[in-house]
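Just below is one structure, and these are the notes that go with it.
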Amino acid sequence: MATAEHAIPRPQIVARGVQAPARGWTSWITTTDHKRIGILYMVTTFAFFLLGGVEALLMRLQLTSPHNTLVTPQSFNQLFTLHGSTMIFLFVVPMMAGIGNYLLPLMIGARDMAFPRLNALSYWLLLAGGIVFYSSLFFSAPEAGWTSYAPLSSSAYIPNNGVDAWIYLIHLTGLSSILGAINFYATIANMRAPGMGWGRLPLFVWGLLTYSVLIIVAMPLIAVAVTLLLTARHFGTHFYDPSNGGSPLLWQHLFWFFGHPEVYIMVLPAFGIISEILPVFARKPIFGYKAIAASTVMIAFLGLLTWAHHMFATPTPIVVFIFVMLSSYVIAVPTGVKVLNWLATLWRGTVEFKTPLLFAVAMISLFVIGGISGVFLAIFPVDWQVEDTYFVVAHLHYVLVGGSVMGIFAGIYYWFPKFTGRMLAEGLGKLSCALMWLGINLTFLIQHSLGLDGMPRRVYEYPDIAHFQLYNIISTVGSFTLALGVLVTVVNVARSLRHGVVAGPDPWRGNTLEWFVPSPPPANNFDVIPRVRSVEPMKDIRRQIERQSPVADQAPAPTPTPAVPA
Amino acid sequence: MNAEGTDTRGPGERTDTRGPGGRTDARGPRRGRRIGYRMATACALAGAGLLGGCGGGGQSTLHPHSGPAHDIRTLWWWMLAVAGVVFLGAVGLLLLAWMRRRRPGLPLLGEDEGATVGLVVVFGFVIPALVLVALFVVSDLGIRTTEAPAAGSTPLTVEVTGHQWFWEIRYPGTQAVTANELHIPVRTRVNVITKTADVIHSFWVPELNRKQDMVPGLPNRLLLYADKPGVYGGQCAEFCGAQHTHMGLLVFADPPQRFRSWLANMGAARVAPGTPTERRGEAVFQASQCASCHTIRGTPARGVIGPDLTHLATRSTLAARTIPNRPGYLGGWVLDPQHIKPESKMPGFNLSGPDFQALLAYLRSLR
């Protein structure tokens, strides 16, 4: 800010004595730069996403015929345990951390995260968790499901160490998430650009803020739960053993007190991504900024009160069920407000049909289905029939694949130019979006029917009754369509890294500050940090440039291409 | 475990999975004196490949045969209708927003904010709130009718205990014990006490009522009622370990007369073996490991790890609705259960041909 009083249009900032940016692989493992850590996160978690996807495809192949022998029963149980744990703990949650890591300081006008070394530690803990978890494949993979219900997960029933590998996965990735969340929170609370009050925080940052608070509140609970499980397995404690004064329901309460907020941990940042993308491509301000931000906070708060709706079939007093049914219902209201605000943003906007927008709209259409089937499950008499069937599988995948994964893909298409300086190809992007949307509906819509017809989840065979086989085949075909859609994006990314059109700093005419810096941004992000005067600071900056008249009491008229240290 | 791969082995095996009531036909290898181990395995494989034909109990939540299941289905259809309207509304608005967009390139004009705010408030808040209140009121229906019966308020009480991986069924007040096939009198309220012997299972007969978790240390009650005689399918709904898949159940709703005679028979000790072969079979059973896990009332066999076998031959399926109870399957199951149901607690037995035949004859005589 030394140049503030000079007010020259193009400040020439000369950096002296700056070390050349480090190169080579050692620079990646020693980095504390939030952007590099973000990229490490994104690449690592995407690799786990592909692994989890292959596990899903193997399960779908096994289920194409009623008595298939493609995988053994034990392998099948391991596959669904690996798949669920991978997608949740090694993909969606840390992918949000990765995207957030890269963008959070850029969006709020900070030069790095509040605690850069802690940030690096978060990443390495995540990687350690993934490696420990997957190394169990060479010994005995976990087979108790991603929920690892006690007492099934106790050493009396599963003596091998697969469950222990799962426990270490939870510990390491949980620690990673908690540290990362504290870092996000500290950064958002303390390092916003001048003028960026809470009412001018980008909506993706609101998503990250609630993500962080929920992690800080909920993650320690699962850490407690798995620690008790670990001591029960190895040191003879009886927390979950009713014959010694413990209770198996203790596990379920601890697990779901974490597990339900976890859903919002995974989906609220995706809502944030959608809220960033829609106004940019509708070329119109986001409708109801405050309502969207408030509904995000409301959903996060209510999400902490509904965990027992995962336990409707357990022996629990009805009055508890009525409470959680109502609190689960009530979540539909802020969610409805959010969806309607998104629709109102598109309403009469100058819509540009670009891939990020397509993914965003696809996400909304899929998430609405997942949200509605969630209301079905909140009504516990209905839940008593469909719980633990494929209906639930369908519901949770509409929310997590239709909501979170499509949101992540929207984000990848939107911010790839910022990450790499190159555009992703539009044609391949649209193809990928269409295939994924089709694949998700083919795979999961029919699973509602499967569940209603009485097919339980987590079975490696099924009786050849009703239309079980037909439905399963449709679902398998859908899963491969979805996989093909993902593959198209992988090809698109690989191609665009070298051959993509050069993006420039602001290819979409975005609203938020990350588009102010070059693509990819320099190590220090901002030479000058602009003053923020609205929810859409870049719109103000563009307008200011168009007027060609620097304002005296502001930061020097910034340009989209500040001087970059060589 | 695919039947196709083994068709050439078992000479008499034919499969017919069409009919209900387990009309599967797989004649066991009863010809030769020496039973080929491989052949029995083949039977087992074919058996495992046929569980679709076993028992034939439907298990669709949409074909209810009791008051509670019926009410839940009604609730479901109402909800689907309401949800369908909500979904079509949301998608309709999305499409409308898409079509009413301004043409690209036009400058941003002033908005009619009031109308849009109204739209968001009505569709995003008022309508969801009204729908949810309505749903809350109707869901009361399902809550009341599925309520567990008060103790002693029903003419019959049954105790079902989940085990890894079978269902133990007792009729308190009688000696009757059986497994995996629950008989109830039709059009009679039955109080089912659900318990577990090990991990959490979930008792679920979709056409008759809701599911209910069997949590260690927390026995629970559930109403079972069938409005029509027939066989209803059920399955463990909570993942309970390696063979969660094969933890099936059949509920037979019988006319009261038939139920009473069935129950009387179940309560009796085993039918004493009548032929020398059967007597030899009983001796084999007692001398081998069988007796250490299974109970046959009327004999010294008092094991409690596996299902009670006193009236095994009256059951229509084996291994918790995994294979039909026919000689070929039974033979395959005794020789190599780990092929049919890997990790089940039953080990395979390598018996001599005559012993094996005698054992089979004995088990088939336990009516």
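First the proteins, then the strands, lettered A, B, ... as listed; each starts at 1. Basis for what follows: all heavy atoms, side chains included, without hydrogens, waters or symmetry-related copies.
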Measure across B:Gln235 and A:Gly454 and return the closest heavy-atom pair with its distance rounded to 0.1 Å.
OE1-O, 4.4 Å
Looking only at heavy atoms, which two atoms of A:Leu452 and B:Thr61 are closest? And how far apart?
O-OG1, 2.6 Å
Partner chain B: residue of A:Gly336, A:Ala150, A:Pro315 with the largest heavy-atom pair count (under 4.5 Å):
A:Pro315
Under 4.5 Å between any side-chain heavy atoms of B:Val91 and A:Val368, yes or no?
no
Of the listed B:Cys236, B:Cys240, B:Ala69, the one with the largest count of heavy-atom pairs under 4.5 Å with chain A is B:Cys240
Heavy-atom proximity to chain B below 4.5 Å, by part of A:Val382
both
Contact class of A:Met311 relative to chain B, heavy atoms under 4.5 angstrom:
neither
Is it the case that atom CH2 in A:Trp437 sees more than 12 heavy atoms from other parts of the structure closer than 6.0 Å?
no
Counting heavy-atom pairs under 4.5 Å to chain B, which of A:Val361, A:Ile364, A:Val339 comes out on top?
A:Val361
Between B:His63, B:Gln212, B:His244, which shows the greatest number of heavy-atom pairs under 4.5 Å with chain A?
B:His244
Would you say the side chain of A:Pro73 lies within less than 4.5 Å of the side chain of B:Gln243, judging by non-hydrogen atoms?
yes
Looking only at non-hydrogen atoms, find the nearest pair between A:Trp384 and B:Lys211 and report the distance.
O-CG, 2.9 Å
If you round to the nearest 0.5 Å, how far is CG of B:Leu75 from CD of A:Gln385?
11.0 Å
Once you round to the nearest 0.5 Å, how far does CD of B:Gln59 lie from CE of A:Met455?
10.0 Å
With a 4.5 angstrom heavy-atom cut-off, which part of A:Gln252 approaches chain B: side chain, backbone, both or neither?
side chain
Identify which of A:Pro334, A:Pro248, A:Ala144, A:Ser247 forms the greatest number of heavy-atom pairs closer than 4.5 Å to chain B.
A:Pro248
Applying a strict 4.5 Å limit to non-hydrogen atoms, the region of B:Asn209 in contact with chain A is backbone
Tell me the closest heavy-atom pair linking A:Gly145 and B:Phe239, and the distance in Å.
N-CE2, 4.2 Å
For the student: nearest non-hydrogen atoms of B:Ala237 and A:Asp388, plus distance:
O-CB, 2.9 Å
Atom pair CG (B:Leu80) and NE2 (A:His448), whose distance is rounded to the nearest 0.5 Å
10.0 Å
Pairs of donor and acceptor atoms involving the side chains of residues 369-378 of chain A, under 3.5 Å and at least two apart or interchain, shall be tabulated with distances.
unit_1: A:Ser373; atom_1: OG; unit_2: A:Ile369; atom_2: O; d: 3.2
unit_1: A:Ser373; atom_1: OG; unit_2: A:Gly370; atom_2: O; d: 3.1
unit_1: A:Ser373; atom_1: OG; unit_2: A:His395; atom_2: ND1; d: 2.9

Sort out for me which of A:Phe312, A:Tyr240, A:Phe80, A:Phe76 touches chain B most, counting heavy-atom pairs under 4.5 Å.
A:Phe80
Could you please state which residues from residues 152-159 of chain A sit under 4.5 angstrom from chain B, measuring non-hydrogen atom to non-hydrogen atom, sorted by number, or 'none'?
A:Leu152, A:Tyr157
Tell me every residue that passes side-chain hydrogen bond (donor to acceptor under 3.5 Å, both in side chains) with A:Asn77, counting only those two or more places apart in sequence or in another chain.
none
Chain A contact via B:Glu238 - side chain, backbone, both or neither, heavy atoms under 4.5 Å
both
Can you tell me how far the OG1 atom of A:Thr314 sits from the CD1 atom of B:Ile200, to the nearest 0.5 Å?
8.5 Å
Going from CG on A:Asp383 to CD1 on B:Ile72, what distance comes out if it is rounded to the nearest 0.5 angstrom?
10.0 Å
Between A:Pro456, A:Ala313, A:Gly451, which residue shows the highest count of heavy-atom pairs closer than 4.5 Å to chain B?
A:Ala313
If you count heavy-atom pairs under 4.5 Å with chain B, which of A:Tyr329, A:Phe380, A:Tyr149, A:Phe321 comes out on top?
A:Tyr329
For residues 214-221 of chain B, dump all side-chain donor-acceptor pairs below 3.5 Å to protein atoms at least two apart in sequence or in another chain.
unit_1: B:Arg221; atom_1: NE; unit_2: B:Pro149; atom_2: O; d: 2.7
unit_1: B:Arg221; atom_1: NH2; unit_2: B:Pro149; atom_2: O; d: 3.3

Chain A contact via B:Trp204 - side chain, backbone, both or neither, heavy atoms under 4.5 Å:
side chain
